[in-house]
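Notes to accompany the following structure.
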Amino acid sequence: QVQLVESGGGLVQAGGSLRLSCAASGRTFSRYGMVGWFRQAPGQEREFAAAIDWSGGSTYYADSVKGRFTISRDNAKNTVYLQMSSLKPEDTAVYYCAARTYYSSSYSQDTFGSWGQGTQVNVSS
């Protein structure tokens with residue numbers, strides 16, 4: 001199985017930026033169909049944020065982050081990134097990366113079988 005490790009979280013002021021990284025080991029992302037980012041705010045359900053088709057590079061974003069977040073990949077480093085800009089206090093959450101071995105139009109969390117442990121993002125007013 002692939003091991004996923006997130007990094008890059010921290011504390012920023014509203015309007016600031018952060019870049020999250022998700023590095024894979026054990027297996028390369030090329031063996032998976034899609035990689036996604038999910039987030040869970042305090043007291044809230046985990047929700048989908050963004051995903052990328054590993055082979056083709058196509059991306060998909062939740063409406064709540066579209067235009068502010070960008071998901072990308074670096075094949076050589078076997079890493080996926082989530083560039084977050086214009087951050088808002090409501091973006092405060094634990095962010096998780098996840099991978100699945102097939103392509104689907106559904107991005108619900110139960111379709112992703114491999115998960116990282118998450119990285120905390122706090123956005124102050």
Side-chain angles (χ1 to χ4, degrees):
Q1 296 184 355
V2 63
Q3 179 180 344
L4 306 177
V5 180
E6 303 98 332
S7 62
L11 174 64
V12 298
Q13 294 185 354
S17 300
L18 280 175
R19 189 180 74 163
L20 306 183
S21 299
C22 178
S25 62
R27 305 287 183 182
T28 64
F29 282 126
S30 64
R31 303 172 78 105
Y32 289 79
M34 291 184 173
V35 181
W37 285 95
F38 296 78
R39 64 184 186 179
Q40 187 168 22
Q44 303 295 316
E45 298 288 337
R46 185 181 296 176
E47 65 177 6
F48 170 78
I52 185 168
D53 175 340
W54 189 257
S55 61
S58 299
T59 58
Y60 179 85
Y61 299 93
D63 288 342
S64 60
V65 307
K66 189 176 298 182
R68 300 187 298 118
F69 291 11
T70 302
I71 188 170
S72 62
R73 57 183 167 89
D74 187 325
N75 298 64
K77 296 182 178 180
N78 203 33
T79 299
V80 64
Y81 303 98
L82 185 67
Q83 177 65 51
M84 307 184 295
S85 300
S86 301
L87 284 164
K88 306 173 181 178
E90 52 263 43
D91 293 320
T92 294
V94 177
Y95 284 73
Y96 302 88
C97 66
R100 67 186 184 192
T101 58
Y102 63 95
Y103 296 91
S104 173
S105 60
S106 174
Y107 299 94
S108 60
Q109 64 180 40
D110 58 352
T111 65
F112 289 77
S114 299
W115 291 81
Q117 294 301 304
T119 184
Q120 178 72 50
V121 173
N122 292 308
V123 184
S124 62
S125 301

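We number each residue from 1, following the sequence as shown.
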- [ ] Given side chain to side chain contact (heavy atoms under 4.5 Å, CB included), test Val12 with Asn122 step by step and report yes or no.
- [x] CA-CA 6 Å; Val12 298; Asn122 292 308; over 6 Å; no

- Query: Can you check side chain to side chain contact (heavy atoms under 4.5 Å, CB included) on Lys88 and Arg68, steps first, answer last?
  - Reply: CA-CA 10 Å; Lys88 306 173 181 178; Arg68 300 187 298 118; 3.9 Å; yes

Practice item. Verify side chain to side chain contact (heavy atoms under 4.5 Å, CB included) between Leu87 and Phe69, making sure each step is shown before the conclusion. Key: CA-CA 9 Å; Leu87 284 164; Phe69 291 11; 3.9 Å; yes

Quiz item: Run the side chain to side chain contact (heavy atoms under 4.5 Å, CB included) check on Gln83 and Leu20 step by step: do they pass?
Solution: CA-CA 6 Å; Gln83 177 65 51; Leu20 306 183; over 6 Å; no

Distance-only donor-acceptor hits, side chain of residues 96-105, under 3.5 Å, sequence neighbours excluded:
unit_1 : atom_1 : unit_2 : atom_2 : d
Arg100 : NE     : Tyr102 : O      : 3.3
Arg100 : NH1    : Ser106 : O      : 2.6
Arg100 : NH1    : Thr111 : OG1    : 2.6
Arg100 : NH2    : Ser104 : O      : 3.0
Arg100 : NH2    : Ser106 : O      : 2.9
Tyr102 : OH     : Thr111 : O      : 3.4
Tyr103 : OH     : Asp53  : OD1    : 3.0
Tyr103 : OH     : Ser55  : OG     : 2.5
Ser104 : OG     : Ser106 : N      : 3.1

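Qualifying salt bridge (Lys or Arg N to Asp or Glu O under 4.0 Å) partners for Asp63, counting only residues two or more places apart in sequence or in other chains: Lys66.
Nearest heavy atom pair, residue Thr92 against residue Val123, reads OG1-N, 2.9 Å. Counting all heavy atoms, side chain and backbone alike, Trp54 lies closest to Asn78 at CZ2-OD1, 4.4 Å. Looking at every heavy atom in both residues, Ser21 comes nearest to Thr79 through CB-CG2, 4.2 Å. Contact record, Ala24 with Leu4: CB-CD2, 4.0 Å, taken as the closest heavy-atom pair. Heavy atoms only, all atoms of each residue included: Ala76 and Asp74 are closest at N-OD1, 3.1 Å. In this structure, Pro89 and Ala14 approach most closely via the heavy-atom pair CD-CB, 4.1 Å.
When hydrophobic clusters are built by joining Ile, Leu, Val, Met, Phe, Trp and Tyr residues whose side-chain heavy atoms come closer than 4.5 Å, directly or via intermediates, Val65 is grouped together with Leu82.
Taking CD of Gln44 as the start and CD of Glu90 as the end, the distance is 11.5 Å to the nearest 0.5 Å.
Only one option out of Tyr60, Phe112, Tyr61 pairs with Tyr107 in a ring pair (Phe, Tyr, Trp, His ring centres under 6.0 Å); it is Tyr60.
Aromatic ring orientation, Trp115 versus Phe38: tilted (interplanar angle from 30° to 60°).
Taking the side chain as every heavy atom from C-beta outward, Val121 and Met84 approach each other to under 4.5 Å.
In this structure, Ser58 contributes its side chain and Gly56 its backbone to no donor-acceptor pair below 3.5 Å.
Side-chain atoms of Tyr95 and Arg39 include a donor-acceptor pair closer than 3.5 Å.
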